[in-house]
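Comments concern the structure below.
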Amino acid sequence: MTTTDLLPAPPPRAASRRALLAGSAGNFVEWYEFGVYGCFATVIAANFFTPQAGTGAGVQGGAEALVATYASFALAFFFRPVGALLFGRVGDRFGRRPALVLVIGLMTLATTLIGLLPTRADIGAAAPWLLTLLRVLQGLSAGGEFGGAVSLMAEYAPPGRRGLYGAWQSFTVALGLLAGAATAAALATLLNAEALYAWGWRIPFLLALPLGAVALWLRTALEEPPGAPPAGPGSATGRADPAGTTGLREQARAVVLGIGRIMGWSAAGYAFLVVLPSHLQSALGASFRDALLATTLVNLGFAAAILPAGLLSDRVGRRPVMLCGALGIAVLALPVLHLLQSPGTSTYVRVAAVLTAGALVGLLAGPGPAMLAEMFPQRVRCTGLGLSYALANAVFSGCAGLFITALAARTANTAVPAHYAAAACALSVPALLTLRGNDHREPLR
């Protein structure tokens, strides 16, 4: 019997597509909500973190209110590693489907409740605390989403298509962010400022209920991928680990290395795709609608690059594609922001600049999920890759809004987002250089 004989048979094409759809649907709902929260950061600051709520409070800022909003945003990210451990354990021990059903149910519930939450004007200081509690629940859910969804997609991927299948996770992230930005832009166009601040901001959060119900329905019909752990305590992680402490050390090193490889993706993704709207308003004086337009364009560039990047990484490897993205951001982030804030820059150049910024992040996000899946064996894949992603996002994404907003206000340096993204990408280059050229051709462990 050869090693090949011990590997699970490739899944049927129809089952692979169903898994891809079910995994992608939950990612879309999760990142739709995060996109909405980022776009409405100034509105949320006015309604929950400013004693005198109103349109004036939202536009003016108080930088303190906006920083408090991003502190709530960051707190949710710091609960992601907890969710990655909790739901990753479920996914590795009992199967991918139970974990994915649980996380989408929790995310949908928490997001819908945000849309129903009374503001500070209604119940006083309890409002920001309730909002923060719901953000914590979202953080737990989001922490478990990535590990389960990427494991499912990678394990169901046909031979030679892991990069493309994993890229769908990132692509639905882009679609979710675009949907959130488009919904916010539509409301900003259809409603006057008073209505938007009073009740219009609730609509995008309430839309998560029907979206989440569809994703939940898709996931309850899932079958476990070939070779997945059987349900019950005697499954893979329930068995004794023959590697013992050495195996745990190796897994810990893999988690740290995974964080290093995706820290640039995490930092640049949030600096450009989520933090940009409120930064353009608070630091550069852009209108709410112009900021949303820029966000929509950068997300379009991001979305357009993801699937081609994942497909290209199946042919040439993960390393060259991701290095191009990291080095491109390290070199071009500052010039792009200078073009955006220069009054002499034409509209076409601005559009090209934001599309380019988004596309460079897409070069990291396309191959990234498959790259992480290839780092861990199946018995710990949900936990390992989920924890790498969650920790990287907690440090380099969750803190992005808080760090950028606070530092820009303190130093009056409007180029802080570009410096932040460029530095993180430059630091991730050595870790990306450790990727082996043939990992994309090897079967999953």
* Should Arg319 and Glu374 count as an ion pair when the cut-off is N to O under 4.0 Å? -> no
* Structure fact -> Rounding to 0.5 Å, atoms CD1 (Ile203) and CG (Leu191) come to a distance of 6.0 Å
* Under the 3.5 angstrom rule, does the side chain of Tyr32 hit a backbone N or O of Pro204 as a donor-acceptor pair? -> yes
* To do: Using a 4.5 Å cut-off on heavy atoms from C-beta on, say whether the side chain of Leu387 contacts that of Pro81.
  => yes
* Arg80 side chain to Gly386 backbone, donor-acceptor under 3.5 Å -> no
* **Minimum-distance pair of heavy atoms, taken over all atoms of Leu360 and Cys324** => CD2-O, 4.4 Å
* So, for Ile104 and Gly212, which heavy atoms are closest and what is the spacing to 0.1 Å? -> CG1-O, 4.2 Å
* To do: Run the numbers on Leu372 and Phe146 for side-chain contact (heavy atoms from CB on, under 4.5 Å), then give the verdict.
  => CA-CA 11 Å; Leu372 287 174; Phe146 184 87; 3.8 Å; yes
* Structure fact -> Nearest heavy-atom approach of Ala254 to Ser388 is O-OG, 4.2 Å
* To do: Nearest 0.5 Å please: distance from the CG atom of Leu206 over to the CG atom of Leu113.
  => 9.5 Å
* Asked: With a 4.5 Å limit on heavy-atom distance, are the side chains of Asn27 and Glu145 in contact?
  -> yes
* Asked: Under a 4.5 Å cut-off applied to non-hydrogen side-chain atoms, are Pro369 and Tyr165 in contact?
  -> no
* Structure fact -> In short, Gly163 meets Arg318 closest at the heavy-atom pair CA-NH1, 3.5 Å
* To do: Test side-chain contact (heavy atoms from CB on, under 4.5 Å) on Ile329 and Val361 and set out the steps.
  => CA-CA 8 Å; Ile329 293 169; Val361 180; 3.9 Å; yes
* Side chain Ser428, main chain Cys425, donor-acceptor under 3.5 Å -> yes
* Asked: Got Phe376 and Val255 here, is their nearest side-chain heavy-atom distance under 4.5 Å?
  -> yes
* How long is the gap from CZ on Arg97 to CG on Leu102, to the nearest 0.5 Å? -> 11.5 Å
* Verify the ring-centre separation between Phe171 and Trp168: is it less than 6.0 angstrom? => yes
* Test item: Val214 and Phe28 side chains (from C-beta on) under 4.5 Å apart, heavy atoms -> no
* Side-chain donor/acceptor of Ser313 to backbone N/O of Gly310, under 3.5 Å -> yes
* CG/Leu20 to CG/Leu164 distance, rounded to the nearest 0.5 angstrom? -> 8.0 Å
* Are Phe396 and Tyr420 close enough that some pair of their side-chain heavy atoms sits under 4.5 Å apart? -> yes
* Asked: In Å and rounded to the nearest 0.5 Å, what is the CE to CG distance from Met263 to Leu427?
  -> 4.5 Å
* Structure fact -> Here the pair of heavy atoms bringing Gly95 nearest to Pro98 is O-CD, 3.3 Å
* Asked: Do you see a donor-acceptor pair shorter than 3.5 Å between the side chains of Thr434 and Arg261?
  -> yes
* Under 3.5 Å, is there a donor-acceptor pair between the side chain of Thr111 and the main chain of Thr108? -> no
* Shortest non-hydrogen separation from Cys382 to Arg96 and the atoms involved -> SG-NH1, 3.4 Å
* Under a 4.5 Å cut-off applied to non-hydrogen side-chain atoms, are Arg93 and Thr383 in contact? -> no
* Does Arg219 use its side chain to pair, donor to acceptor, with the backbone of Ala22 at less than 3.5 Å? -> yes
* Asked: So how far is it from Ser151 OG to Asp92 CG, rounded to the nearest 0.5 Å?
  -> 6.5 Å
* Do Phe87 and Leu106 come close enough that some side-chain heavy atom pair is under 4.5 Å? -> yes
